[in-house]
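Only a predicted model underlies this, so the values are computations on that prediction, with no experimental measurement involved. Chain identifiers are assigned alphabetically (A, B, ...) following the order of the sequence lines, protein sequences preceding nucleic acid strands; residue numbering begins at 1 within each chain.
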Amino acid sequence: MLRRLLILIFIGFASPLLGQVVIPSLDPVQPTELSSALAWRIGSTVGVESEAFNRDEDASHDTGVENVKSAVLIAYQPGNVVGEIYYSPYRKTLTYDSDYSSIEWTDDDASLLELRLAIRGNRQVSVGIGYGKFEYSPSFYNEKYEESYYEGSFSVRLLDGLFFAGAGMQRFTVNLGSSDTIKYNTLISGVALQMGDPTDVIFKTEAAYKQIPRTESENDVLSTVRKSTVSQFNMELMTGALFASFEYTNKLTEEARGSDDNQNDITSRYGVGLKLGAMTIGLYRNAHKIDYQDDDIEYDTYQATLGISFL
Amino acid sequence: MRKDQIGLILLFTVFLILPGLLSAQMVTASFDPTQPVFLPAAAGWRIDSFVGFSYSEANGSRTIDDDEVYKFDSSGVKANIGGKFSNISVEAYLEQQKTDVKGEYLVNGWINLDRESGRLSVAMLGNDFVTVGLGGHTDSYRDYFDSSHDSETTTETNVLGSISVKAMDVIYIGGGFGRVKEQSTHTVDNNWNYAALGLGAIFGEPGETRFRFEYSWANSPEAESKRQGEEEEAIHFDTTTTRMAAELMISGLLFSFSGKEETRKLNETFSIGDEDYNDIKIMINEAGVLWVPQNGLTLGFYFGSKETDFYFKDKLSEFKVNIAYIFE
């Protein structure tokens, strides 16, 4: 039973807790969370992304750097309709002991595919639809874990493009082989501010909030989805060829692991980037902290993006 | 009484419990062109020609006494095409829905396995004051009842006419009348009539902020055809349906809410243990957001729920994506 519980409780994935909710990142390789944000992209993009973990930071393991995630993103914008494909065929999963004595990245097969489509109307509103599927074959369990969702969202652009607001819903279905299913809806909303000119100096900031309800599994094989909230704040500045970004994400899980205590998963991401003509390069440090009861665990991952954009 | 006996008894007393379509378009047409009208006169208020498609997925379960006995996973495709030719509107709608059922089929009772529906509506607009419409609907259902009736097909053919009148530029009042013929692979043919009344309001002009509201009521009395030879008797229960729709369009962004509640009165009280059941309630609700320009591509989504409340409870959640093109 403990191993079954591990599937939902003691794992983490090499990805941010939330993507861009209201408007897209200045780094065109960063995927959106709500598809309606996609409509505010400028041009089309083809990009790749890689995330690494420095094992020197965990004394219980060998030294060296290992790749924990690879992904490709394609965004195509022929007019006021925009499509985005985000595919991560290689993702390591992070497991950690319940007493936080060690962490480990496992090589179990895991992949993520996300498809999004959005339409922009009158340069004032956008509506988007999305689909995502995450597949994971844990070595400690003989059935495949699958998580899929449908998403619908919209956003509005106000005050001559200065202010944006968006909201959406994701309908999740989680399957563990044929043994069990959990279904739940998440609500996501956010506001954003954007000032400047993309060809000169531009500043954007965004605050977003995601709500995940407590949901019981149908056959008690999967662990219950705990009620949780994700708060995210980010800001980005681009001046000519350089850009810098900061993002803070906090996932608060109530009654984590069946106890009365909450768990905080905090990620602070610091990034710098370079835009050389059509090419964009981004380098990020993700500082993760998992805080539960009197114990906590900290680790860093490093992310690099490379994208080619064209109008 | 054992659960596996319940459905067998119902087979010969209750017959079909069909959730049908929401279609809260009785006297006015939705701002969303992928939503089909029910009464044909409503199509007369469409402004442009269009073609629309929709794909939906739903899942849920059936419970008896809080025990889950079936899981449902269904998907469907829909197409709605409308043409506006001077003051004549023609609208054609097709839908196909399939449901996968997980369960041991130990508990007998109705389960819809797939459904095909088609509608044709023709409406004529007179002086921007009144529309008169004629239409035809066909609904074909393949259902599971028990191990000896595991794939029975029922076809309903519905011929209907309706009228919708506009008053004070914003109020719409109308009604319709239809006759349904039911044919089944395991029961005798059956026929019944129904009447519908609706009240609607539309504020705002195309291109501006617009608001639409509609409430309607429909009733069909009980109809029964006696058993003949090996074909079972067919019963259509006294059915009352209320529908409501509210739509708000701001700068082409459409927020849509609609609901339908159907109550079927049983011809006699149905009892299981200490519980008595006199009717079956079916509730369908959906809410969506769409981009709907005056002309061009539209895109949007709906989240919905369907519930059947009887000695069993069916609950399904649905997600639907819509795409359409509105012609000038």
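Note that the OH atom of A:Tyr150 and the CD atom of B:Glu318 stand 11.5 Å from one another [nearest 0.5 Å]. Separating the CG atom in A:Asn122 from the CG atom in B:Leu253 is a distance of 10.5 Å, to the nearest 0.5 Å. The OG atom of B:Ser61 sits 7.5 Å away from the NZ atom of A:Lys183 when rounded to the nearest 0.5 Å.
The contact between B:Leu290 and chain A is made entirely by backbone atoms, counting heavy-atom distances below 4.5 Å. For a residue to count as touching a neighbouring chain, one of its non-hydrogen atoms must lie under 4.5 Å from one of that chain's; by this rule A:Thr173 touches chain B with the side chain only.
At most 12 heavy atoms of other shown residues, nucleotides or ligands fall within 6.0 angstrom of atom CG in B:Asp169. Environment of NZ in B:Lys315: sparse, with no more than 12 heavy atoms of neighbouring residues, nucleotides or ligands closer than 6.0 Å. Other residues, nucleotides and ligands place no more than 12 heavy atoms under 6.0 Å from the CD atom of B:Glu328. Taking a 6.0 Å sphere around NZ of B:Lys84, one finds it holds more than 12 heavy atoms contributed by other residues, nucleotides or ligands.
Shown here for A:Arg171 and B:Phe303, the closest heavy-atom pair between the two residues is CB-CE2, 3.9 Å. Between B:Leu299 and A:Val127, the closest heavy-atom pair is O-CG1, 3.5 Å.
Tested against A:Phe154, the residues B:Phe255, B:Trp291, B:Phe301 include a single ring pair (Phe, Tyr, Trp, His ring centres under 6.0 Å) partner, B:Phe255.
The greatest number of non-hydrogen atom pairs below 4.5 Å with chain A, out of B:Thr298, B:Leu297, B:Ile250, B:Val292, is found for B:Leu297.
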